[in-house]
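Working notes, beginning with the structure itself.
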Amino acid sequence: MSRPLEESPYAFTVPALVKAVPTARDRVVDRARRLGLALDEELTHDLKLLTGELVANSVTHTRAACVVCVKWTGERIRVEVTDPDPTSVTLSQVLPTDEHGRGLFLVAAVATAWGSQLCPSGKKTWFELAVPVAGETTATAASSVDGVPAEQAMTSRADDVLQGSAEPVSTVGAHTRRQHQAA
């Protein structure tokens with residue numbers, strides 16, 4: 001199943017309509033399954049959630065169609081959303097009373113990695129989710145990263161996000177993400 005990133009891209013265009021977001025989410029999950037990836041309920045939820053955030057941001061802020069590309073890296077599924085707006089994507093501070101503005105914070109908290117870069121057609125915003133290999137559980141993946149307990153790593157990454165770090169943010173396993181989202 002481990003194919004190079006460039007070998008198996010799958011791309012489609014999403015019209016500039018917020019009502020097109022659910023279909024885009026479903027197409028990304030369908031593509032991941034067609035690649036033979038083992039998507040449990042939680043990974044499917046995260047894939048749909050993050051895809052929905054990036055696509056909704058794109059069509060809402062640009063009022064233009066975007067292109068979604070799904071790739072398999074051999075360890076992670078990568079979803080890229082390309083739109084015609086050359087404005088850099090940044091995390092912003094939001095107040096508890098704000099109704100919008102938390103999408104990228106959510107992407108940063110849930111994705112294994114994420115980022116944004118300018119490209120000839122505008123900008124590409126992407127995220128990656130680790131897909132456990134056969135026999136690996138999310139509990140194992142959540143235990144630690146570089147010897148740092150998952151809870152401590154998650155807290156330090158969330159602090160980076162709140163301070164406006166524009167660098168791609170890595171987070172750890174599913175159980176920690178769920179606790180973070182509930183916080």
Side-chain angles (χ1 to χ4, degrees), residues 1-14 20-58 66-82 89 102-117 124-158 161 167-183:
M1 179 187 340
S2 180
R3 291 180 263 180
L5 183 65
E6 293 75 29
E7 263 185 46
S8 62
Y10 167 76
F12 59 93
T13 301
V14 178
V21 173
T23 302
R25 290 191 305 242
D26 291 341
R27 287 183 75 172
V28 168
V29 169
D30 181 60
R31 180 57 180 170
R33 288 188 175 128
R34 286 177 179 232
L35 287 169
L37 303 180
L39 300 179
D40 62 13
E41 185 178 331
E42 185 170 4
L43 190 55
T44 300
H45 175 267
D46 290 349
L47 189 55
K48 283 185 171 188
L49 176 68
L50 300 184
T51 298
E53 288 296 333
L54 293 189
V55 173
N57 279 352
S58 178
C66 62
V67 175
V68 177
C69 185
V70 181
K71 300 178 181 181
W72 171 243
T73 70
E75 295 177 357
R76 297 176 178 176
I77 187 164
R78 180 179 175 110
V79 177
E80 301 172 348
V81 177
T82 304
V89 172
R102 292 175 182 80
L104 287 178
F105 181 78
L106 187 60
V107 172
V110 175
T112 305
W114 79 280
S116 183
Q117 63 210 51
K124 183 181 301 184
T125 306
W126 57 271
F127 70 85
E128 293 180 353
L129 288 172
V131 178
V133 294
E136 182 182 355
T137 65
T138 54
T140 303
S143 61
S144 68
V145 172
D146 298 328
V148 177
E151 291 78 11
Q152 181 181 353
M154 193 62 201
T155 302
S156 65
R157 298 315 295 161
V161 171
E167 294 294 318
V169 177
S170 296
T171 59
V172 293
H175 290 92
T176 302
R177 289 194 311 257
R178 293 292 178 229
Q179 291 172 353
H180 179 71
Q181 288 177 353

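Computed from a prediction, not measured in an experiment: that's the story for all the values here.
At least one side-chain heavy atom of Phe12 sits under 4.5 Å from a side-chain heavy atom of Val28. At least one side-chain heavy atom of Lys48 sits less than 4.5 Å from a side-chain heavy atom of Asp26. Contact annotation: the side chain of Leu50 never approaches that of Val79 to less than 4.5 Å [non-hydrogen atoms, C-beta and beyond]. No side-chain heavy atom of Val29 sits under 4.5 Å from any side-chain heavy atom of Arg25. No side-chain heavy atom of Thr82 sits under 4.5 Å from any side-chain heavy atom of Trp126. Residues Val131 and Trp72 are in side-chain contact: their nearest non-hydrogen atoms beyond the backbone lie under 4.5 Å apart. For the pair Val68/Arg27, no side-chain contact is recorded, criterion being any heavy-atom separation below 4.5 Å from C-beta on. The shortest side-chain heavy-atom distance between Val110 and Phe127 does not fall under the 4.5 Å cut-off.
Here Thr112 contributes atom OG1 and Glu75 contributes atom CD; the two are 10.5 Å apart, rounded to the nearest 0.5 Å. Atom CD of Glu128 and atom CZ of Arg78 lie 5.0 Å apart (nearest 0.5 Å). With rounding to the nearest 0.5 Å, the separation of OG1 in Thr23 from CG in Asp30 is 12.0 Å. Taking CG from Leu129 and CD from Glu42, the interatomic distance works out to 10.5 Å, rounded to the nearest 0.5 Å. Rounded to the nearest 0.5 angstrom, Thr125 OG1 and Glu80 CD are separated by 10.0 Å.
Residues Ser58 and Val81 come closest through the heavy atom pair CB-CG1, 3.9 Å. Across every non-hydrogen atom of Ala32 and Ile77, the tightest pair is CB-CD1, 3.3 Å. Pairing each heavy atom of Ala130 with each of Leu43, the nearest pair is O-CD1, 3.9 Å.
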Practice task
Check step by step if side-chain contact (heavy atoms from CB on, under 4.5 Å) holds for Thr44 and Arg33.
Solution key: CA-CA 10 Å; Thr44 300; Arg33 288 188 175 128; 3.5 Å; yes
